[in-house]
Structure formats: structure tokens, C-alpha cells
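Computation of the quantities below employed the complete heavy-atom set of this structure, encompassing side-chain atoms and omitting hydrogens, waters and symmetry-equivalent molecules. Throughout, a chain's letter reflects where its sequence line sits, starting with A, and its residues are numbered from 1.
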Amino acid sequence: MNAKTSSPIPPAEWIVAGMGLLVFTAVLGLMVWDAVAGDQSPPRITVEVDSITRSGDGHLLKFRARNDGGETAAEVVVEGELPASGGETETASATLDFLPAHSERKGGFFFKAQPERETVRLRASSFREP
Amino acid sequence: MVRRGPKTLMSRRASATHKPAPRGTSRHFLRALARAFAGAIVFGLPLLMTMEMWWLGFHADRGRMALLFILSLPLLVGLSHYSGFEPTFGWVDDVVDTFVACAVGFVSSGVILLLFGLIEPGMAASEVIGKIGLQTLPASIGALLATGQFASPEEREADQKRFRKYQGELFLMMVGAIFLALSMAPTDEMMLIAYMMTPTHVLGLIFLSLVVMHAFVHAVESSGKAYVPSGTPFWSVFLRITIPGYVIALLISALILWAFERTDSCGPATLMGSVIVLGFPAAIGAGASRLII
């Protein structure tokens with residue numbers, strides 16, 4: 001017992017424990033900071049075109065949805081409208097399971113006509129609070 | 001006795017051919033660290049593969065997560081005192097081991113979430129830290145429990161002695177309750193089951209929880225490892241061990257449900273139901289804690 005009481009803690013253990021303390025305080029600190037001073041604003045979702053490529057006999061438009069608000073949005077419905085020739089519009093929609101605060105998620109639409117970055121209209125139409 | 005036979009034999013053979021490095025050396029620590037990683041993965045994997053846990057990582061209430069973190073600290077220190085991946089002798093050792101377990105839990109959870117493709121560029125720091133941080137709790141418990149899974153018979157014996165105090169017994173039950181309840185609490189099924197149960201079902205489940213729990217307590221008691229000596233009358237064991245254990249299981253269950261926001265906007269009946277539903281695995285975990293840990 002006496003010999004064991006005085007057995008030293010090896011340097012490697014101090015280093016790993018120091019890292020653990022750092023990780024613990026960092027995670028706790030971030031959570032407390034988020035809880036006290038964090039952004040509590042409702043979701044602010046912007047959708048933009050990521051890329052347009054040919055896919056099968058149509059076109060694939062990949063989009064990037066970004067939530068700049070402070071709350072997570074669930075089941076975000078993203079809609080795309082593409083004005084086609086003859087005054088008609090081609091529409092498509094996609095649902096993102098979650099769009100957390102200050103984060104990005106990607107998705108895609110298949111259009112029959114060739115979409116142009118300038119003419120296609122993308123927007124988020126609805127979400128649910130998680 | 002029969003069950004422990006082959007295990008003891010195997011460990012004895014292993015320790016005969018493989019002399020462990022003396023405590024206090026870096027080599028000994030590295031062995032303990034490897035054990036801790038193994039424990040973190042064994043305990044953490046079911047939750048790392050639960051999608052509700054990933055979601056909680058970004059939308060869970062930060063205040064509650066912070067509270068859960070603060071509460072986990074005494075739990076981990078206690079666990080390090082009673083079990084731990086190395087035998088500890090003094091509170092400095094316990095605290096150092098606790099933070100080693102945190103580091104192990106954080107690294108193993110982070111690496112696995114990264115490999116699962118759950119951490120990607122474009123995610124906010126809060127989301128990434130939330131996801132890993134939440135998984136760190138069960139993984140650090142696993143890292144500290146590693147000794148129970150990989151310890152040598154002598155170390156096991158030393159732990160068992162410490163649990164023979166009443167506080168040790170209750171603490172061990174609490175850890176067992178957390179062990180099982182934590183892996184089930186984040187799932188949607190907990191609430192679904194609570195919605196479908198009638199008051200008769202709830203009463204039946206309470207009864208079954210107590211019966212199963214007492215059966216475990218009795219089994220451990222007759223193996224001679226428990227706090228109460230074998231041959232203690234039924235009602236005495238029931239009142240001293242099973243009932244306090246069930247209360248602990250229900251409290252743990254309520255705390256975890258609250259922290260994971262499962263109880264918000266619930267009527268009192270559903271709330272009770274969900275606490276008792278999660279209390280069932282918690283009670284089994286508490287009763288079987290000596291077999292798990």
C-alpha cells in the first residue's frame with residue numbers, strides 16, 4: 001500500500017490528462033457560451049446553385065442550402081423554379097432532413113430543360129422545428 | 001462459479017506468460033491507455049451508430065448539455081475511484097484518470113464520427129463540437145469501465161472489495177443504470193412505447209422491473225460478491241438494495257430524458273410512462289451492474 005501510494009504518475013499520463021482537461025473545458029465552455037450568448041434567431045435559409053451538369057437525358061442542378069440563423073431547421077423543403085420556353089415553368093423540390101445553425105447541406109434537382117444560373121429561382125419554402 | 005471458471009483460467013495463463021509492467025511507468029500507462037480506447041469503443045459504439053445522437057449533437061439545448069457535462073465529472077471521478085482503467089490511490093490519481101478518459105472518449109468518438117462521414121466541411125464548429133462532445137460522455141464512461149472488461153483477476157478483486165461498502169453498491173447500481181439507459185434514451189422508440197401504454201401496462205412494467213432487478217440482486221448476492229452477505233432475508237435485501245436501486249434507476253431515467261429533451265411538451269401521464277419505460281432497462285442495468293462492470 002505504501003509503495004503504491006507514492007508511485008508517480010508518468011509524464012505521458014500527465015500529457016494525455018492535460019489534453020483531456022483542455023478538451024473538457026473547451027467543449028463545456030463552447031456549450032455554456034452557446035447557451036448564454038449564442039444566436040437564438042430563427043432559421044435564415046439561403047439557397048444557391050452549386051453546379052449544373054448533364055445527367056441522363058436531363059440536367060442535374062446541385063444546390064447548397066445555408067442556414068445563417070441561430071436555430072436548427074428540420075425537414076427543410078427547397079424548391080426550384082426554372083422558366084421554360086413558352087412561358088411555362090418547370091418546378092422541382094427536395095427535402096433536407098436537418099439544416100443546423102450556421103451550417104450547409106447539399107441537394108440536387110433534375111430538370112428537363114437546361115438550367116441557367118441567372119434564370120433558375122431557388123428558395124426554401126418551409127421547415128419544422130426539431 | 002462455473003461461469004467464472006474458464007475466464008479465470010485464461011487470465012491466469014495470460015498473466016503467467018506476460019508480466020505487466022510496474023505501475024508508474026510509461027509502458028504501464030500505454031497499456032492502460034490501449035484498454036481505455038477499447039472500453040470507449042465497446043461502450044460508445046451503439047450510441048455512435050444511433051442517428052438521434054447525431055441530431056442531438058446540433059439541436060440539443062446547450063444549457064442542458066452543459067449541465068450533463070458538469071454532472072458527468074463527479075460521476076467519472078467516482079467511477080475512476082471505484083473502478084477505473086488503473087487501480088488508483090488518491091484523488092489526484094482519480095482526477096488525472098478522469099481527464100485521460102475524457103481525452104480518450106473525445107478522440108475515439110471524433111475519429112469514428114469522421115470515418116462515418118458525419119463530420120464534414122461546411123458544418124459549424126458548434127455542430128461538430130456538439131456531436132463529438134455528446135458522444136464523449138458514454139465513451140469516457142466506457143474508457144473508465146475498461147478495467148472491468150480487461151482487468152487481471154487481482155485488479156478485479158481489488159475493485160470488488162471497494163464495492164462492498166453500501167455507497168459503493170449504490171454507486172455501482174447508478175453506473176449500471178446509466179450504462180443501459182443511455183444507449184436507449186435517445187431513440188424515438190422510448191416515447192412511442194410510452195404513448196402506447198395504458199396505466200395497467202405501466203403498473204405491470206413497474207412490477208416486472210422490480211422482479212427482474214431483484215432476481216439479479218439475488219443472483220449476485222448468492223455469488224458472495226455483494227454488499228449483503230448471502231442468507232439475508234428476502235425483505236431486507238429488497239428494501240435495502242432493490243428499492244433504492246429502482247429509485248436510482250428512475251431518477252437516472254428522468255434526468256437523461258430531460259437532458260435529451262424527450263420530456264418537453266409532454267403531459268404528466270406520458271412523462272411518467274416514459275420515465276418508467278426507460279426505467280426498465282435502467283433497472284436491469286442497475287441490477288446486473290456487477291455482471292456488466
message: Only pairs of heavy atoms separated by less than 4.5 Å count here; which of B:G63, B:S126, B:G133, B:P121 has the most with chain A?
response: B:S126

query: Tell me, side chain or backbone of B:T136 under 4.5 Å from chain A's heavy atoms, or both, or neither?
result: neither

query: Distance from B:M51 atom CE to A:D97 atom CG, nearest 0.5 Å?
result: 8.5 Å

- prompt: In terms of heavy-atom pairs under 4.5 Å, which option from B:E127, B:E120, B:R64 contacts chain A the most?
  reply: B:E127

query: Does a side-chain heavy-atom distance below 4.5 Å link A:V32 with B:R62?
result: no

field: Pairs of heavy atoms under 4.5 Å with chain B: top-ranked of A:M31, A:H102, A:E104
entry: A:M31

task: Answer with side chain, backbone, both or neither: which region of A:T72 has an atom nearer than 4.5 Å to a non-hydrogen atom of chain B?
output: side chain

message: Side chains of B:M123 and A:R105, heavy atoms from C-beta outward: is any pair under 4.5 Å?
response: yes

- request: Might you point out which heavy atoms bring A:A17 and B:F99 nearest each other, and give the distance in Å?
  value: O-CB, 3.3 Å

- prompt: Taking only heavy atoms into account, what residues of residues 103-112 of chain B are found under 4.5 Å from chain A?
  reply: B:A103, B:F106

message: Test your reading of the model: is there a side-chain donor-acceptor pair from B:S26 to the backbone of A:P10, 3.5 Å cut-off?
response: no

message: If I measure from the heavy atoms of chain B, does A:L30 come under 4.5 Å with its side chain, its backbone, both, or neither?
response: side chain

task: Measure A:V23 against the heavy atoms of chain B and call it side chain, backbone, both or neither at under 4.5 Å.
output: side chain

message: Within the structure provided, determine whether B:D97 and A:E13 are in side-chain contact (heavy-atom separation under 4.5 Å).
response: yes

- request: Report yes if some heavy atom in the side chain of A:P11 is under 4.5 Å from a heavy atom in the side chain of B:F29; otherwise report no.
  value: no

field: Parallel, tilted or perpendicular: ring planes of A:F98 versus B:H59, cut at 30 and 60 degrees
entry: parallel

message: Which atoms of A:W33 are under 4.5 Å from chain B, going by heavy atoms: the side chain, the backbone, both sets, or neither?
response: neither

- request: Taking atom CG of A:D57 as the centre, report whether more than 12 heavy atoms of other residues, nucleotides or ligands fall under 6.0 Å from it.
  value: no

- prompt: Non-hydrogen atoms of chain B under 4.5 Å away: do they reach the side chain of A:A74, the backbone, both or neither?
  reply: neither

query: Do other residues, nucleotides or ligands put more than 12 heavy atoms under 6.0 Å from A:Q114 CD?
result: yes

